[in-house]
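Accompanying notes for the structure given below.
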Number of protein chains: 2
Amino acid sequence: MATAAPTRRRAIEDVASALFRERGYAATSVRDIARALDIQGASLYSHVTSKADVLWTIVDRASTRFEAAAESASQLPPSAGAPDRIRAFIRAHVLVATADPELTSVFVHEWRHLEGERRSAILARRDRYEARLRYLIAEGMSAGELLPTDPAIAASFVLGALNSLATWYRPDGRLPAGRIADHYADLAVRSLTEDHQ
Amino acid sequence: MATAAPTRRRAIEDVASALFRERGYAATSVRDIARALDIQGASLYSHVTSKADVLWTIVDRASTRFEAAAESASQLPPSAGAPDRIRAFIRAHVLVATADPELTSVFVHEWRHLEGERRSAILARRDRYEARLRYLIAEGMSAGELLPTDPAIAASFVLGALNSLATWYRPDGRLPAGRIADHYADLAVRSLTEDHQ
DNA sequence: CCTACCGATCGGTAGG
DNA sequence: CCTACCGATCGGTAGG
């Protein structure tokens, strides 16, 4: 959870993220959110315009964070090989997911409850994100740095593993986020290469 | 979808699986299910006792299928090494997931909406299933057949990848289920070994 | 399998 | 941020 919300609006989003992660968007009422903040359901509407809007804010913020992480992970020098690029991508993803598992979990699972343009916009952004990884894999294969496999299947496999993380990760768990990032990067890169490097 | 339901009760479960997968359990009303069958909402209750009961039937059936698949994948001779055992486990999982993605998807995502004993029972069965894979990995590591890594992290990684499959898989997709099973088994086994075998 | 109906709860508004 | 309230919809029952 993003700690110590500075504004009321932000506190609502944080509480909503936690509840949406636990029960799902549809099974969480605005009164559930209000109760967690010790106010009346109707009072929420002084700060937000709708439940759907809160979901959108959460999903949009999460997507923006993953996009930014992927962007900065792409800043590796061109000399870096595909394995290192993929490793950087995965590490960046895991660090975002573990820094805010509530936000990430809602992003991963609850975007389906968005409607209209918001839904299609977030779908397109998710597709672009997955395409980034797919291209990294395809490039590495062309360069002979990765085993020849189906890049779309490989990207789905790896992203599936990454996306499940936000569901089970707990900040007080056995392993710190950095170690999980290392392990996930190792597993993913090894799954795509003949020799571990 | 499990085709050609022989009973009305089964037709309800199949339609419910498809809707629960698309929109989630909480966002699907009993009237949505009835509409898909061209009957009135109240008429559903001639065949089922509650919406929660339909969810339970679906989740229980899916869990039973995965348990049976894991069981028969374990019938490999003791001479078989950990990589082959894991390969068999993954292939079996992928074949169940692709044979019925609606059922599988509800099993993976909607069990949270179960309550009381049913919820804890299914959680325990999911844990046992994950433990199977974890033990396969730990054994392979002890035998020196797999790279030394954290078995719990590795099992979560692989199962996360497997569980995402039912979300995106479509029977009319580019690759047949058998090819996806091969790819997933390759990716997973390679992620755990130094050399692909 | 239908019509008619139930109490509870939903997201949200009015008006302070 | 509250009280009071709205119409719509929810899961489910009664009684054919």
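In what follows, chains carry the letters A, B, and so on, assigned in the order in which the sequence lines appear, proteins first and then strands, with residues in each chain numbered from 1.
- Evaluation of atom-type donor-acceptor distances gives a pair under 3.5 Å for the side chain of A:Ser46 against the base of D:dC1.
- Between B:Arg179 and A:Asp150, none of the side-chain N atoms (NZ, or NE/NH1/NH2) sits under 4.0 Å from a carboxylate O, so this pair counts as no salt bridge.
- The two residues B:Val30 and B:Tyr45 have their closest heavy-atom pair at CG1-OH, 3.4 Å.
- For B:His47, the side-chain atoms get nearest to C:dC1 when compared with the rest of C:dC10, C:dC1, D:dT3.
- Look at CZ on B:Arg9: it is 14 Å from P on C:dC1, rounded to the nearest Å.
- Using a 4.0 Å heavy-atom criterion, one finds that B:Ala42 contacts the bases of the nucleic acid, with or without backbone contacts as well.
- When each of D:dG11, C:dG11, D:dC1 is scored by its nearest atom to the side-chain atoms of B:Arg31, the top-ranked nucleotide is D:dG11.
- The phosphate of C:dG11 has neither OP1 nor OP2 within less than 4.0 Å of any side-chain N or O from A:Ser50.
- Nearest nucleotide to the B:Ile39 side chain, out of C:dG11, C:dC2, D:dC1: C:dC2.
- One interatomic measurement links the two molecules: CG of B:Asp32 to P of D:dG11, which rounds to 8 Å at whole-angstrom precision.
- The partner of D:dG16 is C:dC1, by the rule that a Watson-Crick or G-U pair needs both atom distances under 3.5 Å.
- A salt bridge links B:Arg132 with B:Glu71: the closest approach of a Lys/Arg side-chain nitrogen to an acidic carboxylate oxygen falls below 4.0 angstrom.
- Pair assignment for D:dG7: C:dC10, on the basis of Watson-Crick or G-U wobble contacts that are both within less than 3.5 Å.
- Note: CZ (A:Arg35) to P (D:dC2) measures 13 Å, nearest angstrom.
- Residue A:Tyr45 has its side chain nearest to C:dT13 when only D:dC1, C:dC10, C:dT13 are considered.
- The CD1 atom of B:Ile33 sits 11 Å away from the P atom of D:dC10 (whole-angstrom rounding).
- Atom pair B:Leu44:CG and D:dT13:P shows a separation of 13 Å (rounding to whole Å applied).
- Annotation: A:Phe107 is not in aromatic contact with A:Tyr129 [ring centroid separation under 6.0 Å not met].
- Note that CZ of B:Arg118 is 7.0 Å distant from OG1 of B:Thr57, once rounded to the nearest 0.5 Å.
- At whole-Å resolution of the value, CZ in B:Arg8 and C1' in C:dC2 are 13 Å apart.
- We find that CD1 of A:Ile12 is positioned 14 Å from C1' of C:dG12, with the value rounded to whole Å.
- Listed candidates were D:dG12, C:dC2, C:dG12. Nearest to the side chain of B:Gln40 is C:dC2.
- For A:Ser43, the side-chain atoms get nearest to D:dC1 when compared with the rest of C:dC2, D:dC1, C:dG11.
- Summarising the geometry, the separation between NZ on B:Lys51 and C1' on D:dT13 is reported as 18 Å, rounded to the nearest angstrom.
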